[in-house]
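Read the structure below first, then the notes.
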Protein chains: 2
Amino acid sequence: MSVDIKTLAKNLNLSISTISRALRDSYEISDKTKLRVKEMAAKLNYQPNPYASSLRKHKSKTIAVVIPEITNNFFALAINGIEYVAQEKEYHVLIYLTHENIKKEIGFASHLQNGRIDGMLMSISAETNNYDHLIELKKKEVPLVFFDRICEAIESSSITTDDFEGGFNATEHLIQRGCKKIAYLDLSRYLSNSNKRMQGYIAALVKHNISIDERLIMRFTNNIAANEEQIVRVLSGAEKPDGVFASVEKLAIATYNVCQRLNINIPKQLKIISFSNLEISSLLNPSLTTITQPAFEIGKQAALQLFRYLEKKNMMNVHEKIILKSTLIPRGSTAI
Amino acid sequence: MSVDIKTLAKNLNLSISTISRALRDSYEISDKTKLRVKEMAAKLNYQPNPYASSLRKHKSKTIAVVIPEITNNFFALAINGIEYVAQEKEYHVLIYLTHENIKKEIGFASHLQNGRIDGMLMSISAETNNYDHLIELKKKEVPLVFFDRICEAIESSSITTDDFEGGFNATEHLIQRGCKKIAYLDLSRYLSNSNKRMQGYIAALVKHNISIDERLIMRFTNNIAANEEQIVRVLSGAEKPDGVFASVEKLAIATYNVCQRLNINIPKQLKIISFSNLEISSLLNPSLTTITQPAFEIGKQAALQLFRYLEKKNMMNVHEKIILKSTLIPRGSTAI
DNA sequence: TAAATTTACGAAAACGTTTTCGCAAATAAA
DNA sequence: TTTATTTGCGAAAACGTTTTCGTAAATTTA
């Protein structure tokens, strides 16, 4: 069988308590004994059973990351940042994908109250318009940090980007490049970040005395084909826009695809700007003007904040709202 | 405190064994009792402690995915497939990123022998040229399935693509489009899939009576800037190629970047084909000809194979080598 | 030198399950 | 009716740690 603490104890003629303490460098154990124990542990390749330890200590050294999807450069980068911190802290990272489905999100939230994780990092799904499952998580005192798509109804830390400013700048950028009718393409009416971006969009229109046309504020789904059809309808309609501000990358890509199909010239007939973490925006035809979020840093900061909760108990009610800056990079899709 | 099996037992005047059995639908418990127990469990929102259960049963309901990186469309899609299966099986997915670093890979392999996971899915790092850590994992009887980048020195299941054929077809495609001097860009001399692709490359050259120029078989690192400099040197040298076959997406992108900088026209002066899972290959300038792997399916099949190990003990020595087909999609970067 | 303290360790309980063993009561077979 | 079997449940051990409590021996203090 596998070598456990009892095996070490027998081999060294010590009690299991001494072994345990020696391995954890307890002050109660003499240096000589510690050395003996550690040498034997190394020799027998002793691997402590994490579940026995977790059971006893009520600590799992594991965090969960609950996100809508992973095939998305933003979230992939964020996970990268999270995993980076987790490795440093010697923590383990569980991944759960909701696919924008609130039922899955509820399922994860409810199943992860059982001690499997010490804390959770979350970006809520586009469908989520009720927060009972998150409130319940909080009640169970599961440390929770939101990133990017936060839940404002819950008292907790969050890491976001300056979505309002990003939305404002994006829209103003289009206006400055001559756009008069700017469409805002969005995933969901419920998302915190989307709404802030829309507020920025509206503010920019107001500032420049452009009237707000509700028909140009469009919501899309998770279904790519359906989205493209919807875009086809706008772009071939009478009231077609001359500028598009996509709240998320995939809607910009859908627009590119439609323009290719409909032979609409970007940027001559239509200018496009998008929130995006596509590393090859500059290689697109035409290159895509983006507002880029510091995705890796967002993941990293989110994880660091979670560990602040985990490392100090009295931090549980000290919430931080960190807002990182996005960067607008003008490229071909908004050229004059 | 949190409600446990003992609480239920007290509330129902039953023993904890009965509660445990009732919850697990044991035949030893009457239907009436089961109902009573389950109702009470629901009422008190009982959540079984996973670590107590894991400790007792030596099962963690958790698998690990060890991959080089996550900011890579192939691996993101593969994880998507893995997570899909895991959700169905009610398993948990731990993510570990090696960043192509063999030391990290060794660290993960050695730390995950302690029972934390029931099995592992792995795509080995580009640096990995010694397999002792994997052999040790196998010795500890940790079920292990390789995908994409496999370890041929280890007896185990693997899910790959038809890399030889993909490499052959890619190269022949370039030849048919008129290329005479085709460079093969690769990450590492150690990777199983890269080597198969290279074998395909060589076979195609041989078939078409093109001599093999070792200088055109190039290895790159994880460092993007360094890679681009290396590409600059080839593309501005005297013996510059007229075709590039990139074994991985990021090298194709690096080549695109360099061509942009050096003002090299794709496809006129240089044709490019690449293994890639970029969903927007068609939107690049020019659109990129790709050999695309069924990444989601690879992840899914890898997970399914792992669960075959987990569900039947006697399967542990029945290894499967599943090879899925890749698809060559001709686009602008190899147009005549 | 006696008393107090510190050092270094062991015994045993505890964490929350699952499972083995045992055993009455109920039912079926003889 | 007697015996054999099944049904339904409880007591207790077990999983592998950590931690509380206790205590001799060594050391320090008075």
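Every chain is numbered from 1, with letters handed out A, B, ... down the list of sequences.
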### Task
Could you tell me whether the side chain of Arg56(B) has a donor or acceptor atom within less than 3.5 Å of a complementary atom in the base of dT18(C)?
yes

### Query
Base, sugar-phosphate alone, or nothing: which one does Ser30(B) contact when heavy atoms must sit under 4.0 Å apart?
sugar-phosphate

### Donor/acceptor link under 3.5 angstrom from Ser17(A) side chain onto base of dA11(C)
yes

### Candidate nucleotides dA11(D), dT18(D), dT18(C), ranked by approach to the side chain of Ser20(A) - the nearest
dT18(D)

### Summary
By nearest-nucleotide position on DNA chain C, the 5'-leaning member of Ser53(B) and Ile19(A) is Ile19(A)

### Query
Using 4.0 Å as the upper bound for N to carboxylate O, is an ion pair formed by Arg149(B) and Glu100(B)?
yes

### Message
Here's a test of your reading of the structure: between Tyr51(A) and Ile29(B), which maps to the more 5' nucleotide of DNA chain D?
### Response
Ile29(B)

### Message
Five pairs per end, C1' atoms only: what is the angle between the end axes of the helix from dT1(C)-dA30(D) to dA30(C)-dT1(D), to 10 degrees?
### Response
40°

### Query
Touch check for Ile16(A), heavy atoms < 4.0 angstrom, all strands: base, sugar-phosphate only, or nothing?
base

## Note on the structure
Taken to the nearest whole Å, NZ/Lys61(B) to C1'/dT17(C) is 15 Å

## Note on the structure
Note: for Asp4(A) and Arg21(A) on DNA chain D, the residue whose nearest nucleotide lies more 5' is Asp4(A)

### Summary
In whole angstroms, the gap separating P of dC15(C) from CD of Gln47(B) amounts to 19 Å

### Task
When you get a sec, tell me which of dG16(C), dA11(D), dT19(C) is the closest nucleotide to the side chain of Leu55(B)?
dG16(C)

### Query
Whole-Å distance between dT18(C) C1' and Ile5(B) CD1?
8 Å

### Task
State whether Asp118(A) and Lys89(A) are salt-bridged, where the test is any N-O pair (Lys NZ or Arg NE/NH1/NH2 against Asp/Glu carboxylate O) under 4.0 Å.
no

